[in-house]
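The structure appears below as structure tokens.
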Amino acid sequence: MTEVTELLNRWGEGKQDVLDQLMPLVYAELRKLARSYVRNERPNHTLNATALVNEAYIRLAGQKSHQWQNRSHFFGIAAQLMRRVLVDHARRKRSDKRGGGDVAIEFDENKGISARPSELIALDDALKAFAQLDERGARIVELRQFGGLTNEEVADVLHISPA
């Protein structure tokens, strides 16, 4: 068992003090993940990679109990939280402007996440609608596209075959 997985297990048992040991081990990878999100945002976006990691950390640390399976599961959840942070931020920005209208978008795996808040919200809504039809399929898309996990890591997190 890796040191990260061991610390995640201890954190899952309710030992909050392990966060001080865990964060230095995972921070660089969280920043890399956050940079990939922020890189696809508009140039004047008010959240930078550091702010995104910090907000995700606050949400992670605020959870009382965890059942972390392994480090891939942790990073998948962290990616999901970062996406939520960006979507929540986009929703606040849109509500500040009182509208803006949703725009239907096509998802292109090669383009990544859209830079405009309305498109990010539309993508989130599309993932939610997809989850109504195929919950596991939506989870796979989320872990692959937002979490940056490999097929093998997704299979490990979801306890399914990589195929």
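Predicted model, so just to flag it, every value in this text is computed and none were measured.
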Looking at every heavy atom in both [X] and [Y], which two are closest together, and how far apart are they?
X      : Y     : result
Ala49  : Ala34 : O-CB, 3.6 Å
Met23  : Leu30 : CE-CD1, 3.8 Å
Leu143 : Gly76 : CD2-CA, 3.6 Å

Got a second to check how far [X]'s [atom1] is from [Y]'s [atom2], nearest 0.5 Å?
X     : Y     : atom1 : atom2 : result
Arg84 : Glu55 : CZ    : CD    : 12.0 Å
Leu8  : Leu25 : CG    : CG    : 9.5 Å
Met82 : Leu60 : CE    : CG    : 8.0 Å
Asn9  : Gln69 : CG    : CD    : 10.5 Å
Arg71 : Glu29 : CZ    : CD    : 4.5 Å
Leu52 : Leu33 : CG    : CG    : 8.0 Å

Show your working on side-chain contact (heavy atoms from CB on, under 4.5 Å) between Phe74 and Val26 and close with a plain yes or no. CA-CA 10 Å; Phe74 169 78; Val26 298; 4.0 Å; yes

State whether Arg139 and Glu135 are salt-bridged, where the test is any N-O pair (Lys NZ or Arg NE/NH1/NH2 against Asp/Glu carboxylate O) under 4.0 Å.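 No.
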
Among Asp20, Thr2, Leu19, Val18, which residue meets the side chain to side chain contact (heavy atoms under 4.5 Å, CB included) test with Leu7? Val18

Does one hydrophobic cluster hold both Tyr27 and Leu22, with members joined at side-chain heavy-atom distances below 4.5 Å?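 Same cluster.
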
Would you check if Arg92 and His89 make a side-chain contact, meaning some heavy-atom pair closer than 4.5 Å?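 Side chain of Arg92 against side chain of His89, heavy atoms only: contact under 4.5 Å found.
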
Side-chain contact test, heavy atoms from C-beta onward, threshold under 4.5 Å: evaluate it for Leu127 versus Arg83 and give yes or no.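 Answer yes - side chains close enough.
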
